[in-house]
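Remember, it's 1-based here, ligands and their atoms both numbered in the order they're listed. What you see is a predicted model, and the numbers here were worked out from it, not measured in a lab.
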Amino acid sequence: MWTKKDIPDQTGKIAIVTGANTGIGFETARALFEKGAHVIIASRDAEKGLDAIKRLKSAGVHGELELGILNLACLEDIKTFAEVFKKSHQKLDLLINNAGVMKPPAGKSEDGFELQFGVNFIGHFALTAHLYDLLQHTKGARVVTVSSGASRFIEQIDYDNLKLEKPYDDFREYSTSKLANLYFANELNRRAAGTITSIAAHPGVVYTELTRHIPDNELEVAFARFPTVMQPWQGALPSLYAATSPEAEGGAYYAPDGEGELSGYPAPVTIVTPAMRDGNKASELWDYAERVTCLNFP
Ligand SMILES: NC(=O)c1ccc[n+]([C@@H]2O[C@H](COP(=O)([O-])OP(=O)(O)OC[C@H]3O[C@@H](n4cnc5c(N)ncnc54)[C@H](OP(=O)(O)O)[C@@H]3O)[C@@H](O)[C@H]2O)c1
């Protein structure tokens with residue numbers, strides 16, 4: 001059973017963690033920082049990001065911490081974040097595409113995508129594109145993308161509904177964005193073979209602010225269905241395993257090893273649908289993302 005104590009020394013490594021001000025991202029950043037990494041706390045809100053840095057530093061000095069302002073709902077803001085980062089850093093060892101939004105009221109990103117698809121997938125696609133040159137020139141660089149068990153609840157990407165053209169179904173749209181995250185991780189690993197390693201992870205079921213848009217009474221019923229709901233530090237383990245374990249493999253998908261992959265310790269995902277394995281669909285999504293963002297890579 002792999003846990004935080006198994007993380008190798010990260011001294012000298014530079015890591016960006018998106019959505020690092022809270023939840024699973026905060027705990028991912030904490031573990032990397034504790035092992036000596038220089039971690040960029042990417043947050044869309046400066047106050048929340050600085051507060052996270054304060055909380056992390058209060059536990060004692062380990063690596064280094066830096067705030068990065070990143071709004072994944074806006075392609076122009078993503079470009080600015082990457083430009084600022086590249087002005088002061090010559091390499092990037094770890095990019096943890098963690099930030100996410102689940103079941104918000106119907107809405108769109110600033111560029112017109114359904115909000116969950118826009119933030120969870122398009123935002124991270126664009127971020128990785130802008131940072132790709134640095135990743136490519138950093139020996140051993142890894143990109144970890146956080147998906148979800150929800151990636152198995154959707155059979156295909158509906159290209160006629162990525163800009164909220166159809167009546168809104170909050171969970172269908174979330175699941176679409178998470179299947180897209182998985183396709184992205186797999187396809188990046190394939191396209192960038194030999195330069196960077198791309199791995200997907202999902203945390204299981206974890207108490208975080210992700211459920212902020214779900215009314216309390218519905219949430220109680222939803223959580224009651226699960227035998228165990230984990231704490232954020234436990235939910236961060238699959239991402240941390242993917243980011244740091246010498247045994248983690250490019251193109252793999254890691255999740256908790258317990259029943260239903262709801263809780264436990266990192267292991268390769270075993271609950272896999274035909275859609276999740278479909279390399280042609282992953283490639284098709286990549287081409288779509290390149291077209292709509294006007295960002296071509298590798
Ligand atoms: N919790 C679970 O059970 C669970 C299960 C499966 C998958 N996941 C995945 O795990 C990842 C982390 O989620 P979490 O559970 O830790 O949720 P969380 O506590 O709500 O954290 C989500 C993070 O994403 C950030 N974020 C949201 N919209 C953003 C935007 N437009 N631009 C930049 N950052 C944005 C949030 O920033 P603010 O604080 O400013 O909103 C926050 O830092 C997500 O990808 C989620 O889909 C979670």
* Asked: Between Phe125 and Phe297, does the ring centre distance come in under 6.0 Å?
  ->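 Yes, close enough.
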* When the aromatic ring centroids of Tyr265 and Tyr241 are compared, is their separation below 6.0 Å? -> no
Using heavy-atom distances only, which candidate in [options] approaches [atom] most closely?
| atom | options | answer |
| --- | --- | --- |
| atom 5 (C) of ligand 1 | Gly204, Ser151, Ser148 | Gly204 |
| atom 26 (N) of ligand 1 | Ser43, Ala99, Pro232, Ser239 | Ala99 |
| atom 36 (C) of ligand 1 | Lys178, Arg212, Lys48, Met102 | Arg212 |

* **Salt-bridge present (Asp133, Lys86; N to O < 4.0 Å)** => yes
Got the closest protein heavy atom to [atom], with its distance?
| atom | value |
| --- | --- |
| atom 43 (O) of ligand 1 | Asn21 OD1, 2.8 Å |
| atom 10 (O) of ligand 1 | Val146 CG1, 3.5 Å |
| atom 31 (N) of ligand 1 | Asn71 OD1, 3.3 Å |
| atom 18 (P) of ligand 1 | Leu210 N, 3.6 Å |
| atom 27 (C) of ligand 1 | Gly100 O, 3.5 Å |
| atom 7 (C) of ligand 1 | Ser147 O, 3.3 Å |

Does any N or O atom in [X] lie less than 3.5 angstrom from one in ligand 1, N or O only?
| X | answer |
| --- | --- |
| Leu72 | yes |
| Asp45 | no |
| Val205 | no |
| Val206 | yes |

Distance-only donor-acceptor check, side chains [X] and [Y], under 3.5 Å:
| X | Y | result |
| --- | --- | --- |
| Glu155 | Thr273 | no |
| Asn98 | Ser239 | no |
| Tyr253 | Ser151 | yes |

* Can you tell me how far the CG atom of Asn120 sits from the CG atom of Leu179, to the nearest 0.5 Å? ->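 Rounded to the nearest 0.5 Å, the CG-CG separation comes out at 12.5 Å.
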* To do: For Pro203, counting its heavy atoms only, list the atoms of ligand 1 lying under 4.0 Å from any of them.
  =>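 Counting from 1, the qualifying ligand atoms are 4 (C), 5 (C), 6 (C), 7 (C), 8 (N), 48 (C).
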* Structure fact -> The answer for which part of Phe81 has a heavy atom under 4.0 Å from ligand 1 is neither
* Asked: ligand 1 versus Asn181, non-hydrogen atoms closer than 4.0 Å: side chain, backbone, both, neither?
  ->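 It is neither; nothing of Asn181 touches ligand 1.
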